[in-house]
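Below is one structure, written out as structure tokens, with a few remarks after it.
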Amino acid sequence: MDYITKERFDLLSSGKVKKGDIVYCLRGSTIGKTARNDYHEGAIASSLAIVRAKPNTSQDYLYYFLTSPFGQQLAKENDNGSAQPNLSAKALSNYPLLLPHLDKQIAIAHILGTLDEKIELNRQMNATLEAMAQALFKSWFVDFDPVIDNALAAGNPIPEPLQTRAEARKALGDQRKPLPEGIQNQFPNRFVFNDDLGWVPEGWSRTALGDDIDLATGPAFKSKDFSDEGVRLARGDNVKEGQFHWGDKSRYWYEITPDLKKYKLAKGDILIGMDGSKVGKNWVRVTTNDLPCLLVQRVACLRPRDTIGSTFLATLIGSETFRLYVENVKTGTSIPHISAGQIKAFPVLNPNDSGKLFRDYEMQLLMSNSRREVNLSEINTLASLRDTLLPKLLSGQLRIPEAEQQVAEAL
């Protein structure tokens with residue numbers, strides 16, 4: 001396969017983005033980053049460029065080339081070296097492309113796209129499972145649906161603020177999905193008024209999250225001592241809205257020495273990024289696929305005690321209730337921040353049953369939680385395979401039938 005220096009794509013620094021366009025970053029810390037526009041039409045920022053393949057060049061192949069190690073290296077080589085990374089549109093338009101015949105371009109893009117489609121399908125499935133967990137949490141611990149149902153069955157009064165919800169429950173009638181009798185009976189059948197909380201289920205009260213978790217933060221690992229391999233470091237850059245973001249953000253430490261053992265993460269730990277514009281939204285649950293891993297400074301690790309489970313804790317931290325709490329208590333203007341003390345002070349409405357209802361919630365989601373972890377494992381495996389095949393296919397080092405066989409075995 002040869003380098004082709006002749007332009008094989010149109011480059012637009014202004015105008016509207018169309019479906020199928022490649023959007024390429026020219027400036028800033030994300031220089032060279034590439035995305036496909038699969039959904040929306042609209043204008044682009046001045047720091048971006050639109051890339052559209054010319055005839056006899058596959059748009060999908062072009063995308064994979066730009067995201068490959070070859071394409072990313074070209075971005076670094078053409079950076080003008082100013083204080084802020086900057087790539088000129090002219091430099092991008094003159095990129096030498098590794099370009100086989102069109103039929104091979106299409107075949108390569110299809111192989112890589114098959115992996116991406118399965119990765120995206122798994123992500124969508126996990127998003128659905130997360131939404132189901134949040135819906136159950138809201139039903140039990142925010143809207144109090146089981147308590148309303150018990151109160152209606154017992155003929156007890158429904159407080160005025162919950163009347164609309166009660167009418168909706170009555171309208172559902174037999175369509176309401178019943179809980180196992182043992183769980184339904186754990187919910188009270190009346191509400192009481194609390195001066196601080198308003199109407200709450202009888203016997204429930206407010207406690208602090210810190211009563212049910214152990215919280216730790218990590219040390220400041222010196223960047224000059226980072227390793228090329230070894231143990232992953234869970235930094236703030238890696239904790240993103242319910243999932244780890246590794247990729248080019250991965251950093252490693254050479255080994256877990258005795259002084260670092262206390263910072264070793266475990267399956268089920270909940271991590272919260274404590275700084276940044278998305279503080280309160282950036283959190284993640286640690287799975288087996290993320291280990292071994294060490295906790296780093298400015299990231300909080302929440303480890304549940306016996307009274308609550310990891311799934312309940314993950315749902316709680318991922319809820320709108322927690323986001324609103326952080327929005328109200330965070331400090332800092334240019335860089336918002338939340339402290340360990342503020343996290344531990346987060347109020348939890350507690351049934352005061354020694355954690356039994358929290359654990360029942362955990363059991364209701366046991367199967368879906370297992371499915372999510374399997375999906376995450378598949379995502380990691382397929383992404384690793386894609387990233388391995390990508391440079392080999394583009395360079396001609398790996399033949400298309402061999403790559404197809406590897407993908408078929410992985411799927």
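We're numbering straight along the sequence, starting at 1.
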Exercise. So, does Asp145 use its side chain to make a donor-acceptor pair with the main chain of Trp140 at under 3.5 Å?
Worked result: no
Exercise. Which pair of non-hydrogen atoms, one from Val326 and one from Gly280, has the smallest distance, and what is that distance?
Worked result: CG1-CA, 3.7 Å
Exercise. Which heavy atom in Ile343 sits nearest to a heavy atom in Ala300, and how many Å separate them?
Worked result: CD1-CB, 3.9 Å
For this session: Determine whether the side chains of Glu241 and Asn282 contain a donor N or O and an acceptor N or O closer than 3.5 Å.
Result: no
Problem set entry | Carboxylate-amine/guanidinium contact Asp212 Arg305, below 4.0 Å | no
Exercise. Distance-only, no hydrogens or angles: does the His337 side chain make a donor-acceptor pair with backbone N or O of Met274 under 3.5 Å?
Worked result: yes
Exercise. Is the closest basic N to carboxylate O distance between Glu373 and Lys267 below 4.0 Å?
Worked result: yes
Exercise. Within the distance-only criterion (no hydrogens, no angle test), does the side chain of Gln342 pair as donor or acceptor with the backbone N or O of Lys330 below 3.5 angstrom?
Worked result: no
Exercise. Does Thr315 offer a backbone N or O that forms a donor-acceptor pair with the side chain of Arg285 under 3.5 Å?
Worked result: no
Problem set entry | Within 6.0 Å of CD in Glu320, more than 12 heavy atoms from elsewhere | yes
Exercise. When rounded to the nearest 0.5 angstrom, what distance separates CG in Leu265 from SG in Cys293?
Worked result: 5.0 Å
Seminar exercise, completed: Here the gap from Asn126 atom CG to Arg372 atom CZ, rounded to the nearest 0.5 Å, amounts to 6.0 Å
For this session: Flag the pair Glu362 and Arg359 as a salt bridge only when some basic side-chain nitrogen lies within less than 4.0 angstrom of an acidic carboxylate oxygen.
Result: no
For this session: Might you confirm whether atom CG of Asn328 has over 12 heavy atoms from other residues, nucleotides or ligands at distances under 6.0 Å?
Result: yes
For this session: May I ask you to check whether Asp116 and Tyr64 show a side-chain donor-acceptor distance below 3.5 Å?
Result: yes
Problem set entry | Test item: Ser319 side-chain N/O and Leu316 main-chain N/O as donor-acceptor pair under 3.5 Å | yes
Exercise. Does Asn350 use its side chain to pair, donor to acceptor, with the backbone of Ser205 at less than 3.5 Å?
Worked result: no
Exercise. Got a salt bridge between Asp275 and Arg298, using NZ or NE/NH1/NH2 to carboxylate O under 4.0 Å?
Worked result: yes
Problem set entry | Greater than 12 external heavy atoms within 6.0 Å of Asp196's CG | yes
For this session: Please check if the side chain of Asp21 supplies one atom and the backbone of Lys18 the other of a donor-acceptor pair under 3.5 Å.
Result: yes
For this session: Ignoring hydrogens and angles, tell me if any N or O in the side chain of Asp290 forms a donor-acceptor pair with the backbone of Thr287 under 3.5 Å.
Result: yes
Exercise. At their closest point, which heavy atom of Leu233 faces which heavy atom of Asn238, and how far apart are they?
Worked result: O-OD1, 3.1 Å
Exercise. Does NZ or CZ of Arg232 lie under 6.0 Å from the centre of the six-membered ring of Trp246, at an angle within 45° of the ring axis?
Worked result: yes
Exercise. What orientation do Trp204 and Phe144 show, parallel under 30°, tilted 30 to 60°, or perpendicular over 60°?
Worked result: perpendicular
For this session: Please determine, by modelled atom types, if Gln405 and Glu409 share a side-chain donor-acceptor pair under 3.5 angstrom.
Result: yes
Problem set entry | Short N-O contact, Arg52 and Asp10, less than 4.0 angstrom | no
Exercise. Within 45° of the six-membered ring axis of Phe226 and under 6.0 Å from that ring's centre, is NZ or CZ of Arg251 located there?
Worked result: no
Exercise. Any side-chain donor-acceptor pair under 3.5 Å between Lys90 and Asn94?
Worked result: no
Problem set entry | Pair Arg36 + Asp60, salt bridge at N-O below 4.0 Å | yes
Exercise. When you measure from the side chain of Ser227 to the backbone N and O of Asp225, does any donor-acceptor pair fall under 3.5 Å?
Worked result: no
Exercise. What is the minimum heavy-atom distance between Ala234 and Val299, and which atoms define it?
Worked result: O-CG2, 3.8 Å
Seminar exercise, completed: All heavy atoms of Tyr361 vs all of Ala133, minimum pair found to be OH-O, 2.8 Å
Exercise. Any donor and acceptor pair, going by atom type alone, linking the side chain of Gln59 with main-chain N or O of Gly20 inside 3.5 Å?
Worked result: yes
For this session: Can you see which heavy atom on Leu260 is nearest to which on Glu255, and at what distance?
Result: CD1-O, 3.9 Å
Exercise. If you round to the nearest 0.5 Å, how far is CG of Leu215 from NZ of Lys344?
Worked result: 6.0 Å
Exercise. If you measure from CD1 on Ile400 to CD1 on Ile106, what distance do you get to the nearest 0.5 Å?
Worked result: 10.5 Å
Exercise. Hey, what's the ring geometry for Phe141 with Phe137, parallel, tilted or perpendicular (30° and 60° as the breaks)?
Worked result: tilted
